[in-house]
Amino acid sequence: MIVKTKEEVVGTPREIFAPNGHWISRRYLLAGEGMGFSFHETIILAGTKTHIHYQNHLEAVFCVQGRGEVELIPSGERFLIEEGVMYALDKHDEHYLSASEEMRLICVFNPPLQGDEVHDEKGVYPLKKGQ
């Protein structure tokens, strides 16, 4: 059984800060744990807009706090994200994630992240060796 507390993640290499300052990702389960997915708590800071395009991963997201929106690219279709809303990027959907209030999101990635990934200039998490 794997059990991790917030105290075991915060302030360690499992807590990743976006280079642009838009988000904090706390990575509770990673590829090395062998579960076949990774599990994260992500904080999206209020007033930010992040370009994301997971070409190598599928992601499901559940909002447990805050408010924002997902805007699909190129269609411009928008979805309100607030407490109790789940969205899944099942088609590697390119999008903007904006936060009008700080959001706390629970995220699952497949394949699992290795741990130190951040978005590249195209909004992509690169595929790492072993994924």
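Treat the numbers as computed from the prediction; the structure is a model and nothing was measured. Atom set for the values below is all heavy atoms of this structure, side chains included, hydrogens, waters and symmetry mates excluded. Numbers for residues simply follow the sequence, beginning at 1.
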*How about Y28 and H40: are their ring centres within less than 6.0 Å of each other?*
no

*Under 4.5 Å between any side-chain heavy atoms of R67 and L80, yes or no?*
yes

*Step by step, would you call F109 with Y54 a ring pair (Phe, Tyr, Trp, His ring centres under 6.0 Å)?*
CA-CA 10 Å; F109 281 89; Y54 296 130; 5.1 Å; yes

*From N56 atom CG to L113 atom CG, the distance as rounded to the nearest 0.5 Å*: 10.5 Å

*Quick one: OH on Y87 to SG on C107, what's the gap to the nearest 0.5 Å?*
6.5 Å

*Kindly indicate, with the supporting measurements, whether the criterion side-chain contact (heavy atoms from CB on, under 4.5 Å) is fulfilled by L72 and F79.*
CA-CA 9 Å; L72 294 180; F79 300 90; 3.7 Å; yes

*S38 to L29 - nearest heavy-atom pair and separation*: CB-O, 3.0 Å

_I'd like to know whether V70 forms a side-chain contact (heavy atoms from CB on, under 4.5 Å) with V61, so could you lay out the CA-CA distance, the side-chain angles of the two residues, the decisive distance to 0.1 Å, and finally the verdict._
CA-CA 11 Å; V70 168; V61 179; over 6 Å; no

*Using side chain to side chain contact (heavy atoms under 4.5 Å, CB included) as the criterion, list what pairs up with T12, not counting sequence neighbours.*
R14

_Sequence neighbours excluded, every pair satisfying salt bridge (Lys or Arg N to Asp or Glu O under 4.0 Å) that has a member inside residues 15-25_ = E15-R26

*Taking ILVMFWY side chains as joined if any heavy atoms are under 4.5 angstrom apart, and letting links pass through other members, which residues group with I24?*
F17, I43, L45

*Would you mind reporting whether I106 and F39 have side-chain heavy atoms less than 4.5 Å apart?*
yes

*For the residue pair L89 and L58, what are the closest heavy atoms and their distance?*
O-CD2, 3.4 Å

*Out of curiosity, W23 CH2 to T48 OG1, how far, rounded to the nearest 0.5 Å?*
11.5 Å

_P13 to I16 - nearest heavy-atom pair and separation_ = O-CD1, 3.3 Å

*Flag yes if more than 12 heavy atoms outside E83 fall under 6.0 Å of its CD atom; otherwise flag no.*
no

_Going by salt bridge (Lys or Arg N to Asp or Glu O under 4.0 Å), name the residues that satisfy it together with R78, two or more places apart in sequence or in a different chain._
E69, E71

*For H22, which residues count as a ring pair (Phe, Tyr, Trp, His ring centres under 6.0 Å) partner, sequence neighbours excluded?*
none

*Indicate, with yes or no, if V64 and V10 share a hydrophobic cluster defined by side-chain heavy-atom contacts under 4.5 Å among Ile, Leu, Val, Met, Phe, Trp and Tyr.*
no

*Where do L30 and P112 come nearest, in terms of heavy atoms and distance?*
C-CB, 4.3 Å

*asked:* If I compare all heavy atoms of A99 with all of I44, which pair ends up nearest, and what's the gap?
replied: CB-CG2, 3.6 Å

*E41 vs R27 side-chain heavy atoms within contact, under 4.5 Å*: no

_Exercise: identify the closest heavy-atom pair between G66 and M103_ = C-CG, 4.0 Å

*Sort and list the pairs that fulfil side-chain hydrogen bond (donor to acceptor under 3.5 Å, both in side chains) and have at least one residue in residues 91-101, not counting sequence neighbours.*
H51-E94

*With no hydrogens and no angle check, do the side chains of H53 and Q55 hold a donor and an acceptor under 3.5 Å apart?*
yes

